[in-house]
Amino acid sequence: MGHVEIWVLTMCVIFQLGYGFYLPGSYPHKYVVGGPLSVKVNSLTSIDTEMPFSYYSLPFCKPKEGVKDSAENLGELLMGDRIENSPYKFKMYVNESEIFLCQSKKVSADDFKLLKKRIDEMYQVNLILDNLPAIRYTKKEGFMLRWTGYPVGVKVQNLYYLFNHLKFKVLIHKYEETSVARVMGTGDAVEVMPTVTKEGSDMPGHMVVGFEVVPCSVVHDGNLVNKLKMYEKYQSPIKCDPNAVSMPIKEGEPIVFTYEVAFEESDIKWPSRWDAYLKMEGSKVHWFSILNSLMVITFLAGIVLVIFLRTVRRDLTRYEELDKESQVQMNEELSGWKLVVGDVFRAPSNPALLCILIGDGVQILGMAIVTILFAALGFMSPASRGTLITGMLFFYLILGIAAGYVAVRLWRTIGCGDHKGWISVAWKAACFFPVPLTLVGGYFGAKAHHIEYPVRTNQIPREIPAQKYPSWLLVLGSGTLPFGTLFIELFFIMSSIWMGQVYYVFGFLFIVLILLVVVCAEVSLVLTYMHLCVEDWKWWWKSFFASGSVAIYIFLYSINYLIFDLKSLSGPVSATLYLGYSLFMVLAVMLATGTVGFLSSFWFVHYLFASVKLD
C-alpha cells in the first residue's frame with residue numbers, strides 16, 4: 001500500500017470517528033396492530049434550578065396498577081433519572097381522541113403552592129415511548145424549534161395555567177421482514193445485526209420511529225366526568241390549541257386530565273429514528289469551529305515543537321562534538337541547564353502530594369481516553385440512558401490500579417528506591433479520588449524497580465539566580481494554549497450537561513482529547529526547558545501546573561457560561577450546585593492535564609541529562 005492510500009485510509013477513519021455510530025442498546029421492537037404501547041415518565045427537570053423531582057411529586061394521574069420504577073442502572077441514578085410507569089396507554093395504529101384519564105382530588109393549599117413554584121421554575125415533563133423521549137415543536141420568528149418534553153404549565157397575567165390535555169402523535173414505520181436490521185447511526189456508518197422475532201409472530205407489525213407531544217390547557221365540564229372511568233371517552237369535543245390557555249389552577253378545585261393520540265406512517269427507518277434528537281442547533285458552526293480550532297492549535301503546536309527541538313538539538317550537538325577537556329572547560333564557562341546537573345533531580349517540596357496527584361491524574365486521563373474511545377466506536381449510545389456514566393465509573397474503578405502503580409513508583413523514584421511510606425501514599429491516592437483498587441496498583445508499584453536518575457544530586461542545593469519575572473506567572477499563563485484546543489467543544493459539553501441537549505460527536509471529542517494531550521506535553525516541555533536554562537531546578541511542580549493551569553481558564557469559562565448562557569438559573573442552591581460540579585470537573589481536568597505535563601517533563605529531563613555526561 002502506497003503513502004497516498006495510507007493517507008486516504010487514515011483520513012477516512014478520522015472522519016468516520018467524527019461522525020460516530022453507536023449501538024442502540026436494544027433491538028427493534030415489533031408491535032402488531034392493536035398491540036399495547038405504554039408511555040413512561042422520567043423526572044421533572046428544569047434548566048432554571050437543575051434539580052430533578054419525581055413526576056408524581058405533583059398531583060398528576062397515577063396508573064391503575066400503581067406506580068412502579070423501571071429498571072435503572074447506576075448511571076441513570078447518578079444523572080437524576082427516575083423512570084416510572086404512567087397511565088398513558090396506546091394501541092398500535094389505533095387513533096383515539098377525548099380519552100378521559102382521571103380527575104384529581106381538590107387541589108390543596110400545599111399542592112397549589114407547589115404547582116405555582118414548579119411553573120415559575122420552568123419545570124418540564126419528560127415522557128418516553130419505546131425508549132424515545134417525547135419531542136415538542138414550536139415556531140419562533142419563522143424557525144422551528146425542537147424541545148424534549150413539555151412544560152408543567154405557564155403563567156399569564158398572574159394566573160397559573162396547567163397543561164392538562166396532551167395531544168400525542170406517534171410516527172411508525174412498517175416492520176421490515178428481513179433477517180438483519182441496521183444499527184442506528186448519526187452518519188453513514190451503520191452495521192448490521194440480527195433482529196429479534198418471537199415465535200408465532202408472523203403477523204404484520206410496525207416499529208415506533210417518532211414520538212411527539214402538543215400540550216394544551218383546556219377546561220372540562222365537571223358534570224361529564226363525574227361518572228367516567230379511566231380510558232373512557234369524554235362526551236364532548238376537545239379543541240387542543242397550543243397557542244391558547246384556558247385551565248387556570250385554583251385552590252380547592254379538582255383538575256381533569258385527558259389525552260388523544262394519532263398514528264402516522266413515516267419514511268423514517270428504525271436506524272434513523274434518533275436523528276431528530278441528534279440534529280443539534282448550529283451544527284454547521286459546531287463542525288467548522290472544531291476543525292478551525294484543530295487546525296490553528298496544530299499549527300501553533302507544530303511551530304513550538306520545531307523551535308524547541310532545534311534548540312535542544314543544537315545544545316546537545318555542540319556539546320557532543322567537543323573533546324573531554326573542552327567539555328570540562330565548557331562546563332565551567334557556560335550557563336544554563338547544564339549547571340543544574342547536581343540539583344535537577346532534587347526531591348520537590350511535598351513529594352507525597354505530587355505523587356498522589358500524578359497517580360490520580362493517570363487514572364482520570366486513562367478513564368477519559370478509554371470512555372471517549374468506546375463512545376466514538378459506538379458502544380455508549382444516547383439511547384441507552386446512563387451507559388456513558390456507568391462506563392466511566394467502571395473504567396475509573398479498574399484504572400485505580402494504574403493510579404496506585406504510578407503514584408508509588410514515582411514515590412520510590414523520588415526516594416531513590418526507598419520503600420518506606422509507599423502504603424501511606426497508596427492510601428492517600430485511593431482517598432483523594434476514592435478507589436480501593438489503588439492499593440493493588442500500589443503493591444505492584446512497590447515491587448517494580450524505581451527509575452534511576454542519570455546524574456547524582458549534590459548535598460547542598462544550588463542557589464537559583466534572581467529572575468526578571470515571576471516564574472509562576474509564566475506557568476499560570478501557559479494554560480491558555482491547551483484551553484484553546486477545547487474551549488469551543490466545551491460549550492457543547494456544558495450545553496449537554498446543563499441545557500439537556502444530546503451530545504454525540506464523540507469521534508471529534510476523542511480527536512480533541514488527543515490533541516489536548518499533545519499540546520499539554522509540548523507546553524510543559526517548553527516551560528521546563530526555559531526554567532532549566534535560567535538555572536531554576538525546581539521544575540517538578542511547575543511542570544505539573546504548566547499544563548494543569550488550563551483548569552483555571554475552564555473554571556472562568558464555567559462562570560462566564562453561568563452568567564451569559566444560564567441566565568434562567570436562579571437561587572443560591574442552584575448556583576451552588578452548578579459551581580460545586582464545576583469545581584469538581586475542574587479539579588479532575590487539572591489532575592489529568594497536569595499529569596500529562598509532569599510525565600512528559602520528567603521523561604524529557606531524564607533523557608536530556610542522560611544524553612550528556614556532566615559531573
Inset, instruction - List for me each residue that meets side chain to side chain donor-acceptor pair (under 3.5 Å) alongside Tyr88, sequence neighbours excluded, and say none if there are none. - result: none
Legend entry - Output field: ring centroids Tyr231/Phe100 closer than 6.0 Å: no
Legend entry - Spacing of NE2 belonging to His173 relative to NZ belonging to Lys269, to within rounding of 0.5 Å: 6.0 Å
Inset, instruction - Please name all residues satisfying salt bridge (charged side-chain N to carboxylate O under 4.0 Å, His left out) with Glu98, sequence neighbours left out, ordered by chain then number. - result: Lys233
Legend entry - Exercise: identify the closest heavy-atom pair between Leu399 and Gln363: O-CG, 3.6 Å
Legend entry - Distance in Å, Ile559 CD1 paired with Leu566 CG, rounded so as to fall on 0.5 Å steps: 12.5 Å
Legend entry - Considering all heavy atoms, the nearest Val261-Val94 contact: CG1-O, 4.2 Å
Legend entry - Row check, Tyr150 ring normal vs Arg136 NZ/CZ: under 6.0 Å, within 45°: no
Legend entry - Sequence-distant partners of Lys155, side chain to side chain contact (heavy atoms under 4.5 Å, CB included), two or more places apart: Asp120, Asn158, Tyr160
Legend entry - By salt bridge (charged side-chain N to carboxylate O under 4.0 Å, His left out) - contacts of Glu96 (at least two apart): none
Inset, instruction - Would you name the heavy atoms of Phe257 and Ser104 that are closest together and state the gap between them? - result: CE1-CB, 4.4 Å
Inset, instruction - Would you indicate whether the side-chain heavy atoms of Leu114 and Leu58 approach each other to under 4.5 Å? - result: yes
Inset, instruction - Look at the rings of Tyr93 and His206 and say which category their plane angle falls in: under 30° parallel, 30 to 60° tilted, over 60° perpendicular. - result: perpendicular
Inset, instruction - Return the set of residues passing salt bridge (charged side-chain N to carboxylate O under 4.0 Å, His left out) with Glu84 (not counting sequence neighbours), or none when no residue passes. - result: Arg82
Inset, instruction - Can you label the angle between the Phe168 ring and the Phe90 ring as parallel, tilted or perpendicular, going by 30° and 60°? - result: tilted
Legend entry - 4.5 Å side-chain heavy-atom contact, Leu37 and Phe263: yes
Inset, instruction - Quick one: list whatever passes side chain to side chain donor-acceptor pair (under 3.5 Å) with Tyr259, sequence neighbours left out. - result: none
Inset, instruction - Tell me, please, which residues at least two apart from Thr45 pass side chain to side chain donor-acceptor pair (under 3.5 Å). - result: Asn126
Legend entry - Test: Glu232 and Lys229 ion pair at under 4.0 Å: no
Report, one line per pair, each donor and acceptor closer than 3.5 Å where one atom sits in a side chain of residues 236-245; sequence neighbours left out.
{"residue": "Asp241", "atom": "OD1", "partner": "Asn243", "partner atom": "N", "Å": "3.1"}

Pairs of donor and acceptor atoms involving the side chains of residues 372-379, under 3.5 Å and at least two apart or interchain, shall be tabulated with distances.
none

Legend entry - Contacts of type side chain to side chain contact (heavy atoms under 4.5 Å, CB included), residue Val107, not counting sequence neighbours: Asp111, Phe112, Ile255
Inset, instruction - Taking side chain to side chain contact (heavy atoms under 4.5 Å, CB included) as the test, write out the residues that go with Tyr137, two or more places apart. - result: Ile135, Met144, Arg146, Glu212, Ala276
Legend entry - Ring centroid separation Phe163 to His165 under 6.0 Å: no
Inset, instruction - Just jot down the side chain to side chain donor-acceptor pair (under 3.5 Å) partners of Tyr553, sequence neighbours excluded, or say none. - result: none
Legend entry - Heavy-atom check, side chain of Val550 versus side chain of Val589, under 4.5 Å: yes
